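What follows is a single structure, written as structure tokens, with notes after it.
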There are 2 protein chains.
Amino acid sequence: MADDAQGDESRPAVADPVRQRNLSFVMRRLHTQGPLTRSELTSASGLNRSTMLGMVAELQDLELVIEDAAVADGTAGRPSPLVRPHPDILALTVNPDVAGVTCALVGLNGRVVARELVPVDHKVTPDEVGTITGAFVASMAKELPASTRLAGVGIAAPGLVDERDNSVALAPYLEWEDVPLAELIEQATGLPATMANDTSVGVVAESLFGIGVGCDNLLYLNGSTSGVGGGVISDGSLIRGAHGLGTELGHVLLNRNGKHCVCGRVGCLETEVNIRRVWDILGRRVGLNELDHVYANESTPELDADLDDQADALAAGIASLACVFSPELVVLGGHVGALLDARRERIEAEVKRQSFGPLSTGVRLERNHLRERMVPIGAAELAFARVLQQPSFATLTPLADVAGRAA
Amino acid sequence: MADDAQGDESRPAVADPVRQRNLSFVMRRLHTQGPLTRSELTSASGLNRSTMLGMVAELQDLELVIEDAAVADGTAGRPSPLVRPHPDILALTVNPDVAGVTCALVGLNGRVVARELVPVDHKVTPDEVGTITGAFVASMAKELPASTRLAGVGIAAPGLVDERDNSVALAPYLEWEDVPLAELIEQATGLPATMANDTSVGVVAESLFGIGVGCDNLLYLNGSTSGVGGGVISDGSLIRGAHGLGTELGHVLLNRNGKHCVCGRVGCLETEVNIRRVWDILGRRVGLNELDHVYANESTPELDADLDDQADALAAGIASLACVFSPELVVLGGHVGALLDARRERIEAEVKRQSFGPLSTGVRLERNHLRERMVPIGAAELAFARVLQQPSFATLTPLADVAGRAA
DNA sequence: CTAGGTTTGTTGCGTCGCCAAGCATACCCA
DNA sequence: TGGGTATGCTTGGCGACGCAACAAACCTAG
């Protein structure tokens, strides 16, 4: 965009033009907070009424928002028309995982329009992901209105994602290595595709639309069959790390003299907080949906002791991570979330005991709120980024065109 | 500034006016990169030549920069005048610590004009800090030209700093608690004072002017007599944590079954990487300046074994932190820096061995470059923030005025 | 030493985006 | 039904930037 050689300091305004900035403000606000009156947008932005008039008109022309007739709300003064994100704008999201491929269509403001998990009984291949995605789009094109337009594709992958070229660097549980999945999906759909780690997009979703709303510093830990992952929102934005490789919070150290971890190291958090150990004790695999029920109703000395151990290990991990980030809020998902509900007092007490001074004494622990909508909503964020950042230059593709191409 | 109720999304341009943004770009560029020609500024900013002409003129009127006559540099074309940050603009920095109080005057572009450590043989009190600062300013006023102007005071404190009210929440080694030091210094000098943790400002300095130049993701670990501290630059900016309390990297967990730490917890990094253990083995206190010499020249089985242990512990800590941040660069200072030079191969091998996949295999380890200039330069950044962010509204106070008031 | 090429400084003008002011409109309440 | 109030809408002005044209200062080549 700019011919700026070194991309360090905040760019001058010309590379990030004033108008786009302000249109972006309006779109973001509508996206995160839902329908707002023009008057609310005006006071939130600090801009002049007349300026907001022009901006909303421009966004209407772009078919990015719709303005409803003003409705009296009981207060004095002329009512202000309600501006809402255009309901026809959707993002396609794709999330391959060990259980299969989840595709979804997500609207602005975190609205999940459709969501479908296609189970796959083997390690899914990239080509199969493309086929499943195409079929999903085709079936959706029949159900949804012809006015539906897609902003792009957001792909969430369970593994290390290289954000420079939108490829999967390494996804051990899919047995993928250096897979240019975004490119494949782009060719199949004709839409721009962006990829990120599944947990990373999840934490973004939770911070925008879930329990993390209004919280600028939060830590997320997710327990899945494949281990413990996580992500961090610091000062309102996601920690990406050096190569956009993201974070691997499941592999922080708990014990240098501990057990061997699948990652080849020793004493990682995920070796001590592990759903497989629970399965071994129970003698059966328990899905995440049943887990709350099991933790609440089944009790054997062995299970109780193990959950106590896992709770202590989790607390130790949280306390250690709190030294590094000092979050206001720690969000727990997957089996770690279930563990929180089963052992909340123990975990809270232990985190408090192991806190470093004021850093983590006040930390709140919560389960994630979005549950199965978390990853689709987060992945959609990737696709919406263009529309939200440069509304005037967003290119939206009719769903029918995408379906036609995929067929 | 703005009447914006919720301070989330990026503000609209009016709250961050275009002109200030661009003037800020120029000032920041000159600050971090030193003198530049107007033509270089033009192409770096992407702005028009005529615009840059006007901006540099405005900054000259504000006496924030000076423009030297153009000098031919051997290339074709009309030579461009050299723009440099005004040498008369200085920041006053104050850094109380166990050894005493260090005051300094620092110019833009990381130039340390004067630096003085006043030793104090007891725990220094806030009032003493004020007195020492006043005396320093008075003596400087005699030495420096009358044209010298101060941008403000930057205070670096060894402990938890509450950035909301610029007070020291807790500084165990000074035995301070809830000390409004910035307010005290403001009253003594009449200058605006800002405070932050000493290690936090240090890592900012190192990332702007030291080994971290050009690196957006770096981790800093500093070993001092009082323990191990650290800071993180992620995506180019400092991780501040929930209440601006900063990070306590010395207290990440190495071993849940390890030794007790002074912080009341167990198995922290700083219990296993500790200069006091070296002193015990040597039978004497060794200052940081001598440490390199000692590590290079003294060798007993006991010392060698202990340094090996400390190297391994440090490597484990780095590998664990790398899972959380995936830094490109890890910078080591204080006794941890000396340890790096003494055991570089061992540490690098161990970090590599304990790396999680691609996350930390490529990580570089380096000693800090700025050494004793690190904290003053970083603290000055706090004072320069106003000048760099809103150049037109910066208020600079003649040094003589400050000295007069302090007297 | 001079002419042509190149890069940058400088000036004047046009455009874009915002704000302020004033009037119009639509609500509430008495 | 009229006053109070908040917002919509329109017009005019201003600040900041880009563009284009010309001037100035350097280099190189002959």
Side-chain angles (χ1 to χ4, degrees), chain A residues 1-4 11-26 35-62 65 67-83 390-393, chain B residues 1-4 11-26 35-62 65 67-83 390-393:
Chain A
M1 174 178 313
D3 50 356
D4 187 335
R11 296 290 174 74
V14 70
D16 178 4
V18 176
R19 186 67 166 189
Q20 289 309 305
R21 234 179 110 88
N22 290 344
L23 292 175
S24 170
F25 175 86
V26 173
L36 295 169
T37 66
R38 217 158 76 195
S39 146
E40 285 168 335
L41 286 169
T42 302
S43 62
S45 67
L47 295 170
N48 194 279
R49 282 200 304 239
S50 55
T51 308
M52 190 54 67
L53 168 73
M55 291 207 297
V56 171
E58 187 171 342
L59 291 174
Q60 265 187 300
D61 287 347
L62 291 164
V65 306
E67 206 175 24
D68 287 358
V71 176
D73 64 345
T75 65
R78 178 173 178 174
S80 190
L82 198 66
V83 184
Q390 302 213 311
S392 299
F393 305 113
Chain B
M1 174 176 311
D3 51 355
D4 188 333
R11 295 292 172 73
V14 71
D16 177 6
V18 176
R19 187 66 166 191
Q20 289 310 305
R21 234 180 110 89
N22 290 344
L23 291 175
S24 171
F25 175 87
V26 173
L36 295 169
T37 66
R38 216 156 75 195
S39 146
E40 286 167 334
L41 286 169
T42 302
S43 61
S45 67
L47 296 170
N48 194 278
R49 285 204 299 256
S50 55
T51 306
M52 189 55 68
L53 169 71
M55 290 208 298
V56 171
E58 187 171 342
L59 291 174
Q60 265 186 300
D61 287 347
L62 291 165
V65 306
E67 205 176 26
D68 287 0
V71 177
D73 63 345
T75 65
R78 179 173 176 174
S80 191
L82 198 66
V83 184
Q390 302 213 309
S392 299
F393 305 113

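Naming convention: chains lettered A, B, ... in sequence-line order (proteins, then strands); numbering from 1 in each chain. What you are looking at is a predicted structure, and each value in this text was computed from that prediction instead of being measured.
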Inset, instruction - Could you check B/N48 against A/R38 and say which one's nearest nucleotide on DNA chain D is further toward the 5' end? - result: A/R38
Legend entry - Nearest-Å distance for atom pair CD/C1', residues A/E58 and C/dG17: 11 Å
Inset, instruction - Calculate the interatomic distance between A/D73 atom CG and D/dT7 atom C1'; express it in whole Å. - result: 11 Å
Inset, instruction - Only pairs at least two apart or in different chains count here, so list each side-chain hydrogen bond (donor to acceptor under 3.5 Å, both in side chains) that has a residue in residues 71-83 of chain A. - result: A/D73-A/T75
Give a yes/no on whether any side-chain N or O of [X] is located under 4.0 angstrom from OP1 or OP2 of [N].
X	N	result
B/N22	D/dA16	no
A/R49	C/dA20	no
A/S39	D/dT7	yes

Inset, instruction - For A/E58, enumerate each residue passing the side chain to side chain contact (heavy atoms under 4.5 Å, CB included) test, keeping only those at least two apart in sequence or located in another chain. - result: A/R19, A/L23, A/L62, A/S392
Legend entry - Strand-adjacent residues in residues 74-82 of chain A, judged by heavy atoms under 4.0 Å from DNA chain D: A/A76, A/G77, A/R78, A/S80, A/P81
Legend entry - Partner residues of B/Q60 under the side-chain hydrogen bond (donor to acceptor under 3.5 Å, both in side chains) criterion, sequence neighbours left out: none
Distances under 3.5 Å only, N/O to N/O: pair up the protein atoms with those of nucleotides 12-16 of chain C.
none

Can I get a per-line list of side-chain donor-acceptor pairs under 3.5 Å for residues 49-56 of chain A, giving both atom names and the distance, sequence neighbours left out?
unit_1: A/S50; atom_1: OG; unit_2: A/N48; atom_2: OD1; d: 2.7

